[in-house]
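Here's the structure, in C-alpha cells; my notes come after.
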Protein chains: 2
Amino acid sequence: MSRNTKDKRTAAELPPELTQARRFGKTRTAQSRALLEDYVELISDLLATGGEARPTDVARRLGVSHATAIKTITRLKREGLATGLPYRGVFLTETGHALAERMRTRHRLVVNLLVALGVPTEIAEADAEGIEHHVSDATLKAFSQFLQISASTRASRKS
Amino acid sequence: MSRNTKDKRTAAELPPELTQARRFGKTRTAQSRALLEDYVELISDLLATGGEARPTDVARRLGVSHATAIKTITRLKREGLATGLPYRGVFLTETGHALAERMRTRHRLVVNLLVALGVPTEIAEADAEGIEHHVSDATLKAFSQFLQISASTRASRKS
DNA sequence: ACCAAATTGTAGACAAGGCTACATTACAAG
DNA sequence: CTTGTAATGTAGCCTTGTCTACAATTTGGT
Ligand SMILES: [Mn+2]
Ligand SMILES: [Mn+2]
Ligand SMILES: [Mn+2]
Ligand SMILES: [Mn+2]
C-alpha cells in the first residue's frame with residue numbers, strides 16, 4: 001500500500017490500453033451529461049426570452065414527445081439542476097444556471113470556431129450541438145485563442 | 001397533398017423551433033451511431049496490428065466488461081458491420097471495414113486540427129474520441145483545408 | 001360559471017448500454 | 001490425456017431515453 005495510493009501518473013508511462021480505456025470512459029461520461037446540458041441550456045434560453053419554460057415548449061424545441069421532456073426534467077430536478085412545482089413550469093437552480101451559462105459560452109465558441117474555419121453557419125450550428133459536449137477546457141481555450149488571433153490578424157491586414 | 005410532399009425547404013424559411021429540433025435530432029442520431037463507430041474502428045485496429053480481434057481485448061481497450069463488449073459485438077453483427085463464429089474472434093464486413101476507414105480518417109483529422117490549434121496531444125486525443133462522431137463532412141473538409149493552408153504557410157515562412 | 005382545448009402528468013412498453021454472476025468452451029502445460 | 005486457466009458466452013438486473021395512450025389539471029373564451 002506504499003506505492004501508487006493515488007496513481008497520479010499521467011498517460012505517458014501507463015499501459016497504452018489503459019490510456020485508451022480512460023479516453024473512452026471520458027467520452028461515455030460526456031455522453032451521459034450531454035442531454036442534461038442541452039436541456040439546461042434550452043430552459044435557460046426560454047426563461048431568458050419568454051420569461052417561462054414550459055415542458056411543452058422544451059419538448060417541441062428538442063423534437064421529442066412531451067412525456068419524454070417531462071421525464072428528463074424530473075431527472076434535472078433530481079440532480080439539483082432545476083426546480084418547479086406541478087403545472088407551474090420549470091426553473092433553474094443556481095447550479096443549473098451556472099451550467100447553462102457554461103454551455104452557452106461553449107456553444108458559441110464552437111460555432112464561432114467552425115465558422116472561422118469556413119463552415120457554413122447552419123452546418124456549424126448543427127455540428128456544434130454535438131461537439132460542444134466533448135470539448136475540454138483546454139481545447140476551449142485553444143479555440144478562443146485562435147479566434148482572437150485570427151481576429152487581430154484580420155484587423156491588422158486592413159492597415 | 002399538392003404542396004410540400006417532400007418538404008425540401010432548408011432551415012432559413014422554416015419555423016426556428018423546427019430547425020432547432022432537427023439539429024437536436026441529428027445529434028441524437030450521431031450519438032446512437034457513435035458506439036458502433038468506436039467498436040468498428042477499434043476492431044479494425046486490432047485486426048491490423050495483431051491479426052485478430054478478441055472480445056476480451058476489445059473490452060479491455062474500451063474499459064468495459066467483456067459481457068458488454070460481446071453484447072455490442074452482437075449488435076455489430078446484427079447491423080451487418082461484423083462477422084465471426086463463436087469462440088473464433090471478430091471480423092469486419094465490407095461495410096464495417098469501410099466505416100472503420102472513414103472513422104480512422106476522421107479521428108486523425110480531428111486530432112491534427114486540435115493539435116494545430118495548440119491543444120496538447122493527449123487532450124486532443126481524448127477530446128477527438130467524442131468530437132469525431134459529430135463532425136459533418138462539410139466540417140471535416142474545412143478542417144482538412146485549414147490544415148493544408150497552415151502547413152503551406154509554415155513551409156513558405158521558412159524561406 | 002362553464003366548457004373545450006391546451007397543457008401537464010402517469011403508465012407501460014421497448015431498445016441500448018452498462019454491470020455482476022455463473023456456465024461453457026478452448027488451450028496449453030504437465 | 002488430464003486438468004487448470006483464460007476466454008467466451010449467457011442470464012438477469014439496472015438506468016437512461018424514447019415512444020404511445022390515457023388521465024388530470026389549468027386556462028381562456030363565452
Ligand atoms: Mn448540445
Ligand atoms: Mn448547445
Ligand atoms: Mn470515438
Ligand atoms: Mn476514434
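Throughout, a chain's letter reflects where its sequence line sits, starting with A, and its residues are numbered from 1. Basis for what follows: all heavy atoms, side chains included, without hydrogens, waters or symmetry-related copies.
By the 4.5 Å heavy-atom criterion applied to side chains, Leu18(B) and Arg60(A) are not counted as neighbours. Residues Leu36(A) and Arg75(A) have side chains in contact (heavy-atom distance under 4.5 Å, counting atoms from C-beta outward). Using a 4.5 Å cut-off on side-chain heavy atoms (C-beta onward), Leu81(B) and Tyr39(B) make no contact. Here the side chains of Thr153(B) and Arg157(B) are in contact, with some heavy-atom distance below 4.5 Å.
Pairs passing the side-chain hydrogen bond (donor to acceptor under 3.5 Å, both in side chains) check and including a residue from residues 84-99 of chain A, sequence neighbours excluded, do not occur.
Residues Leu140(B) and Leu99(B) do not share a hydrophobic cluster, clusters being chains of Ile/Leu/Val/Met/Phe/Trp/Tyr side chains in contact below 4.5 Å.
Screening Arg108(B), Arg102(B), His107(B) against Glu132(B) for a side-chain hydrogen bond (donor to acceptor under 3.5 Å, both in side chains) leaves a single residue, His107(B).
Within residues 24-38 of chain B, the residues approaching DNA chain D are Arg28(B), by heavy-atom distance under 4.0 Å. Near DNA chain C, defined here as any heavy-atom distance below 4.0 Å, the residues from residues 73-89 of chain A are Pro86(A), Tyr87(A), listed numerically. Within residues 50-68 of chain A, the residues approached by DNA chain C to less than 4.0 Å at the level of any non-hydrogen atom are Arg54(A), Pro55(A), Thr56(A), His66(A), Ala67(A), in residue-number order.
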Subject >> Step-by-step side chain to side chain contact (heavy atoms under 4.5 Å, CB included) determination, Asp127(B) to His134(A) >> reply: CA-CA 6 Å; Asp127(B) 287 10; His134(A) 299 277; 5.8 Å; no
**OP:** Under the side chain to side chain contact (heavy atoms under 4.5 Å, CB included) rule, what do Arg23(A) and Ile123(B) come out as? Steps first, then yes or no, please.
**Re:** CA-CA 9 Å; Arg23(A) 294 205 278 249; Ile123(B) 296 180; over 6 Å; no
Can you give me every donor-acceptor pair (side chain of residues 141-150 of chain B, partner residue at least two apart or in another chain, under 3.5 Å) with its distance?
{"residue": "Ser150(B)", "atom": "OG", "partner": "Phe146(B)", "partner atom": "O", "Å": "3.4"}
{"residue": "Ser150(B)", "atom": "OG", "partner": "Leu147(B)", "partner atom": "O", "Å": "3.3"}

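Ion pairing between Asp137(B) and Arg106(B) holds under the 4.0 Å rule for side-chain N and carboxylate O. Between Arg61(B) and Glu17(A) there is no salt bridge, since no side-chain N of the basic residue sits under 4.0 Å from a carboxylate O of the acidic one.
Chain B approaches DNA chain D within less than 4.0 angstrom (heavy atoms of the protein), and the contacting nucleotides run 5' to 3' from dA7(D) to dT18(D).
Ile70(B) places its CD1 atom 16 Å from the P atom of dA23(C), with the value rounded to the nearest Å.
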